[in-house]
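All remarks here apply to the structure that follows.
Letters go in sequence order (proteins before strands), and every chain restarts at 1.
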Number of protein chains: 2
Amino acid sequence: MSTERGERTRARILDTALSLFRKHGFDETTMRDVAAGAETSLGAAYYYFESKEAIVLAYYEKVYAERRRRAEQVFARTADVSERVRALYQLHLDIVRRDRKLLGGLVRSVADPLSSVSVFSSSTREVRDGSIALFREAVSVPDVAEEVRDLGAIALWTLDLALMLYLTWDDSPRQARTRQLVDDVLDLLMPIVPLLGSPFAAPLRAQLERALDRAGLLPR
Amino acid sequence: MSTERGERTRARILDTALSLFRKHGFDETTMRDVAAGAETSLGAAYYYFESKEAIVLAYYEKVYAERRRRAEQVFARTADVSERVRALYQLHLDIVRRDRKLLGGLVRSVADPLSSVSVFSSSTREVRDGSIALFREAVSVPDVAEEVRDLGAIALWTLDLALMLYLTWDDSPRQARTRQLVDDVLDLLMPIVPLLGSPFAAPLRAQLERALDRAGLLPR
DNA sequence: GTCTATAACATGATAGAC
DNA sequence: GTCTATCATGTTATAGAC
């Protein structure tokens, strides 16, 4: 499939692109800049990445892999839901810390329902399902009732998307505002988890589930 | 400022563009197509609209004006919160009914924090503030406690954005899925309004408000 | 000052030679 | 696998018509 040399060229193009995106932003970086920086031709860059957006997708995959790696360490350490969930968000922020300029390109692609790297598209499916699974694992602890885990995972993942959108807009040092927002939202959310898990909440859960199912938002 | 003739040319360009966007989608329509369809030159099109996105912004403004007009009729007719809010959403869906292909372009621009027509940008401010005000009016009825109106308006407007995103993705006939989603979400949401308005919920309201304020999400 | 047309530019993407 | 040449299209500059 791909030779050693091709592998290296691909990596060089990816690294150059990400570094340029970080420094100057997604729009400001041209594919010609990327090719020149990687000391290859425009055609070669397009040989390895079918579009500029595809490079962002590769970044997205890298972030996910790193997040999973570090999340698993946290999961092994603690069974406290709050800690686990909070860690998942903070981890994400740590990983993309220096990438605000890059995230603009990501957010745009991801929000575009027609884009091949949209959150809804099939090419991002692996990362999307993996991310949801990560939240599913985070809430899979004795403290959280079985019945609310699936719903909770989807809700937390949706929040994760919203946080990334907020981050692109947050210019506070060290993403302080976004981090504060994570804390505030979790402080609001976490107390209702036991309530939702109680038998009294069964009709409400059913109502929620029916709504999400009808909307096609439930994984099958 | 602008002459009669210029006015007509501008309108012709806008109508042509929207009609082409509707038929073929935003990306598939070139500015050259628009100019040709409006029987004018490319330069003229750019004289009247500084960018392709700006045309979408003009559409956005048209939708808002129509929505306000029809909302005011509903507000005059009923003081029931549920009905008023539901009408605001259904109205929106009615107005953009035939524009799914167009909305793709809008969503992308709106989500891009750097775009000049982003939800966050100043050029969309008038429409954004107007839309939030519309929700503020919808919930300004005796049944809804003063204390929850501002919060409620922001929450409902956020939901409105999410619904538009969902709509771009909903290919069911007559946007049935999106309409169902509106109903389901409101059925879930409306019962908690009186609870949130009660004095017991004061600490919760304060917590929420503090969080939104720290995040800069509260209009000042 | 208001408007229109033409040419040119920058850049994402593709085709085909090697 | 890689490169060069070329295309398509969003955007800008500019000249000038009314």
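- Among residues two or more places apart in sequence or in another chain, the ring-ring contact (aromatic ring centres under 6.0 Å, His included) test is passed with B:Tyr46 by none.
- Looking at heavy atoms from C-beta onward, B:Arg69 lies out of side-chain contact with B:Leu91 at the 4.5 angstrom threshold.
- With sequence neighbours left out, the side chain to side chain donor-acceptor pair (under 3.5 Å) criterion links B:Ser172 to B:Asp170.
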Assign a letter to each nucleotide of nucleotides 3-18 of chain D from its 5' end: B, base within under 4.0 Å of a protein heavy atom; S, sugar-phosphate only; -, no contact.
-> BB----BBBB------

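- Judged as a side chain to side chain donor-acceptor pair (under 3.5 Å), and not counting sequence neighbours, the contacts of A:Ser140 are A:Arg136.
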Show every donor-acceptor pair shorter than 3.5 Å between a side-chain atom in residues 14-24 of chain A and any protein atom, with sequence neighbours excluded, or say none if there are none.
unit_1: A:Thr16; atom_1: OG1; unit_2: A:Arg12; atom_2: O; d: 2.6
unit_1: A:Arg22; atom_1: NE; unit_2: A:Asp99; atom_2: OD1; d: 2.5

Please step through side chain to side chain contact (heavy atoms under 4.5 Å, CB included) for the pair A:Phe26 and A:Val107, ending with a clear verdict.
-> CA-CA 11 Å; A:Phe26 181 76; A:Val107 166; over 6 Å; no

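- Listed for the B:Arg149 side chain is a donor-acceptor partner under 3.5 Å among the backbone atoms of B:Val141.
- Contact annotation: B:Tyr48 side-chain N/O to C:dT4 OP1/OP2 distance is under 4.0 Å.
- For the segment residues 11-23 of chain B, no residue has any heavy atom less than 4.0 angstrom from an atom of DNA chain C.
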Working for side-chain hydrogen bond (donor to acceptor under 3.5 Å, both in side chains), residues A:Arg97 and A:Gln175 = CA-CA 8 Å; A:Arg97 189 173 32 164; A:Gln175 317 89 45; 6.0 Å; no

